[in-house]
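Source: prediction; values computed, not measured.
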Amino acid sequence: MATFVDSKYSAAFSILIGSLSVAFSDVVVDSMVVERARGESQSMSGSLQSLCWGSSAFGGIVSAYFSGSLVEAYGVRFVFGATSLLPLITSAVSVLVKEQPVRGPARGVSLGNGFIESSKNNFTQLWGAVKQPSVLLPTLFIFLWQATPQSDSAMFFFTTNKLGFTPEFLGRVKLVTSVASLIGVGLYNGFLKKVPLRKIFLVMTLIGTALGMTQVLLVTGLNRQFGISDEWFAIGDSLIITVLGQASFMPVLVLAARICPQGMEATLFATLMSISNGGSVLGGLIGAGLTQVFGVTKDRFDNLAFLIILCNLSSLLPLPLLGLLPGDEPDTKDNTDIEMKSN
């Protein structure tokens, strides 16, 4: 991306390879988190997930602070080249991880046959874990909850093509959303990690739907009638919505970590997150279809307000299926935040 990529196909291939590389290490990290969170109370699992995602949000703050200004000053290829060196930090940190080696098959076993047999056994174990009602039903809810249509792409073109937001300003918005993610993690860890999952999903979805409607004010220009500029309104809107979005997504991570059975931590958690991401992809595709139906393009935004309203109202559709989530499990005082004291 920093050197010879000059077409959409080569860019897509480069992004694919980069994402694949990140996915490998991400699955390993997830397995380490799930091993510590599995079988623990909701409060304990929530604290651990908050620590991990809070660290991720802090890294997002650092990157967002420099991304827009560096692109403005040096161009995108320089930024791609600089960020290509950052994964080396992960390689350096990996030597600090303490682990016990696991004995594999005998050296005399054929690598091809051993891999095929191992893959079959892993798939059988994975399917056996996924088809359990305690795993399948919450996974179905997560997929449907993520699969509601989205209008993010249309809003991006509106803010850049219609409102004229520059890359530097979008970098500032990204910085604000990263800070908001950290606030959302703190909100969940401080006040919501002991609240039943069903109640969190219900309340956060209702509040998020109502606040998501505020984008209509930006699209119609009503914010300027109240004396609020487009830039400040966009920053404030992104801040509030991201805080609620992160706080409502934390229960998904906690739930996925808690329902993973022993011995399948990395594989099952990665599968659950892939299903969740698949729901987001489906929601994006449905949103793209609705964008075309409403006649919204990169230059035409006459019906964008109606698209935003429909997408926000659709997020209420999964609420009748809250019964698919596990019931309330009160946390005991002795279990709270033990993981913070261990190791």
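- For Phe226 and Phe233, the gap between ring centers reaches or exceeds 6.0 Å.
- No side-chain heavy atom of Val219 sits less than 4.5 Å from a side-chain heavy atom of Phe301.
- When hydrophobic clusters are built by joining Ile, Leu, Val, Met, Phe, Trp and Tyr residues whose side-chain heavy atoms come closer than 4.5 Å, directly or via intermediates, Phe80 is not grouped with Val22.
- Linking ILVMFWY side-chain heavy atoms closer than 4.5 Å, directly or via other members, places Phe143 and Val281 in two distinct hydrophobic clusters.
- Judged purely by atom type and a 3.5 angstrom limit, Thr148 has no side-chain atom pairing as donor or acceptor with the backbone of Leu144.
- A single hydrophobic cluster is not seen to contain both Leu285 and Ile142; linkage of ILVMFWY side chains at heavy-atom distances under 4.5 Å, directly or through other members, places them apart.
- Separating the OG atom in Ser19 from the CZ atom in Phe24 is a distance of 12.5 Å, to the nearest 0.5 Å.
- Sorted by first then second residue, the side chain to side chain donor-acceptor pair (under 3.5 Å) pairs that include residues 305-316, not counting sequence neighbours, are Thr209-Ser315.
- Counting non-hydrogen atoms of neighbouring residues, nucleotides and ligands closer than 6.0 angstrom, the CZ atom of Arg77 exceeds 12 such neighbours.
- Note that CD of Gln146 and CG of Asn277 are 7.5 Å apart. Values are rounded to the nearest 0.5 Å.
- Rounding to the nearest 0.5 angstrom, the gap separating the CD atom in Gln215 from the SG atom in Cys311 is 9.5 Å.
- Scanning all heavy atoms of the two residues, the minimum distance from Ser84 to Gly81 falls at OG-O, 2.6 Å.
- Looking at heavy atoms from C-beta onward, Tyr74 lies out of side-chain contact with Val79 at the 4.5 angstrom threshold.
- Cluster membership for Phe4 and Val76, using ILVMFWY side-chain heavy atoms within less than 4.5 angstrom, is shared.
- To the nearest 0.5 Å, the span separating CD1 on Ile309 from CG on Leu304 amounts to 10.0 Å.
- Contact between Val243 and Ala180 at its shortest, heavy atoms only, is CG2-O, 3.4 Å.
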### Task
Output, in order, the C-alpha distance, side-chain angles, deciding distance and verdict of ring pair (Phe, Tyr, Trp, His ring centres under 6.0 Å) for Phe141 and Phe201.
CA-CA 11 Å; Phe141 175 82; Phe201 279 111; 5.3 Å; yes
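- How far CG of Leu322 is from NZ of Lys199: 12.5 Å, rounded to the nearest 0.5 Å.
- Not a single donor-acceptor pair under 3.5 Å links the side chain of Ser151 to the backbone N or O of Ala154.
- Checked by atom type, the side-chain pair Ser274/Thr271 shows no donor-acceptor distance below 3.5 Å.
- Between Asn161 and Asp299, the closest heavy-atom pair is ND2-OD1, 4.4 Å.
- A pairwise comparison of heavy atoms in Val296 and Asn303 identifies CG2-C, 4.0 Å as the closest pair.
- When every heavy atom of Pro149 is checked against every heavy atom of Leu290, the shortest pair comes out as CB-CD1, 3.8 Å.
- Counting heavy atoms from C-beta outward, Leu206 and Leu319 have side chains that approach closer than 4.5 Å.
- Contact between Ile308 and Gly212 at its shortest, heavy atoms only, is CG2-O, 3.9 Å.
- No side-chain heavy atom of Val195 sits less than 4.5 Å from a side-chain heavy atom of Val203.
- One finds the OH atom of Tyr188 at 10.0 Å from the CE atom of Met204 (value rounded to the nearest 0.5 Å).
- The shortest side-chain heavy-atom distance between Thr214 and Asn223 does not fall under the 4.5 Å cut-off.
- Side-chain contact check for Thr205 versus Trp145: some heavy-atom pair is nearer than 4.5 Å.
- Using a 4.5 Å cut-off on side-chain heavy atoms (C-beta onward), Glu231 and Val173 make no contact.
- Side-chain contact between Ile286 and Gln150 is absent, with no heavy-atom pair separated by less than 4.5 Å.
- A continuous path of ILVMFWY side-chain contacts below 4.5 Å connects Leu163 to Ile235, so both sit in one hydrophobic cluster.
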